[in-house]
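One structure is given here, and the rest of the page talks about it.
Just the heavy atoms: all of them, side chains too, but no hydrogens, waters or symmetry mates, feed the values below. Because the structure is a prediction, the values reported are computed rather than measured. We're numbering straight along the sequence, starting at 1. Indexing begins at 1, ligand by ligand and atom by atom, following the structure's order.
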Amino acid sequence: MKTLLTSDQIHEEVSRLGKQISLEYENRPLTILGVLTGSIVFLADLIRNIDIPLRVGLIQASSYRGTSTKAGTLNISADLLPEIKGRDVILIDDIFDTGNTLHGIMELVQEKNPNSLKSAVLLWKEDRQEIDLTPDYHSFKIPNEFVVGYGLDYNDDYRHLPYIATLEEAEL
Ligand code: IMP
Ligand code: MG
């Protein structure tokens, strides 16, 4: 395993993003909506770097990867979704890879009539993009390698690592 982003690098960027969101959403009814499970660490750090009132919500999505590093069928569950009608929503995810997950969730969330909807991701694998959608906010652009840590998993392991590392071919 090789470290790609240290804990210090991540915290510096997440703090910058939190300040930017605080300025742009002042006096607006902000809801930060995290995508389970990969966004939990990013979500927890980001909301503590936003110093304006906000609500937190969760939505569940999985693409059933298991031990594969390729995406499968997208499943979204809005069971946990709070009322967002008329609110300014920022959807938070760990990584923008092909963009299919974020695109699917954005469509579903849009149907609930938020006042506005933007997206923020920690990582953006720019080369992999398959659809015409770009995240409104991102912290890091990364090369096309499989990464784990800081919420991101491989077959549900490694999410707790405080840094982000790439997995070598032999480890996949
Ligand atoms: P997308 O739908 O292809 O954009 O994939 C997004 C989802 O795939 C993310 O929410 C992650 O759960 C997962 N994913 C994509 N790339 C990686 C990676 O490098 N490491 C771990 N999970 C990843
Ligand atoms: Mg995920």
For [X], take its heavy atoms, then give the atoms of ligand 1 lying under 4.0 Å from any of them.
X: G99; answer: 1 (P), 3 (O), 4 (O)
X: E145; answer: 19 (O)
X: T98; answer: 1 (P), 2 (O), 3 (O), 4 (O)
X: L152; answer: 20 (N), 21 (C), 22 (N)
X: D97; answer: 1 (P), 3 (O), 4 (O), 5 (O), 15 (C), 16 (N)

_For D153, state whether at least one heavy atom is located under 4.0 Å from any atom of ligand 1._
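Contact present.
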
*Mark the output for H103 as yes if a heavy-atom distance to ligand 1 is under 4.0 Å, and as no if none is.*
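No; H103 lies far enough from ligand 1 that no heavy-atom distance drops under 4.0 Å.
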
_Does the plane of the ring in H11 sit parallel, tilted or perpendicular to the ring in Y150? Use 30° and 60° as the thresholds._
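H11 vs Y150 ring planes: perpendicular.
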
*asked:* Below 30° counts as parallel, above 60° as perpendicular, anything between as tilted: where do the rings of W124 and H138 land?
replied: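 Rings of W124 and H138: perpendicular, over 60°.
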
*Under 4.0 Å, heavy atoms only, figure out whether ligand 1 is touched by the backbone of D93, its side chain, both or neither.*
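The answer is the side chain of D93.
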
_Under-4.0 Å heavy-atom contact with ligand 1, by part of L102 that carries it_ =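 The answer is neither.
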
Do [X] and [Y] have side chains that get closer than 4.5 Å, going by heavy atoms?
X: I52; Y: Y25; answer: yes
X: K112; Y: K85; answer: no
X: L91; Y: L102; answer: yes

*With only distance considered, is V147 within less than 3.5 Å of ligand 1 through an N or O on each side?*
yes

_Can you list everything that forms a side chain to side chain contact (heavy atoms under 4.5 Å, CB included) with P29? Sequence neighbours excluded, please._
R87, D88

_Pairing residues for L58 by the side chain to side chain contact (heavy atoms under 4.5 Å, CB included) criterion, not counting sequence neighbours_ = L36, L43, L80

Which of the listed options, [options], holds the heavy atom that is closest to [atom]?
atom: atom 10 (O) of ligand 1; options: D94, T101, N100; result: D94
atom: atom 23 (C) of ligand 1; options: I95, I131, N144; result: I95
atom: atom 18 (C) of ligand 1; options: W124, F146, F96; result: F146

*asked:* How close do I90 and A120 get, counting heavy atoms only, and between which atoms?
replied: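 Smallest interatomic distance, heavy atoms only, reads CG2-CB, 3.9 Å.
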
*List the atom of G57, the atom of T31, and the distance in Å for their closest heavy-atom pair.*
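Closest approach of G57 to T31, heavy atoms only: N-CG2, 4.4 Å.
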
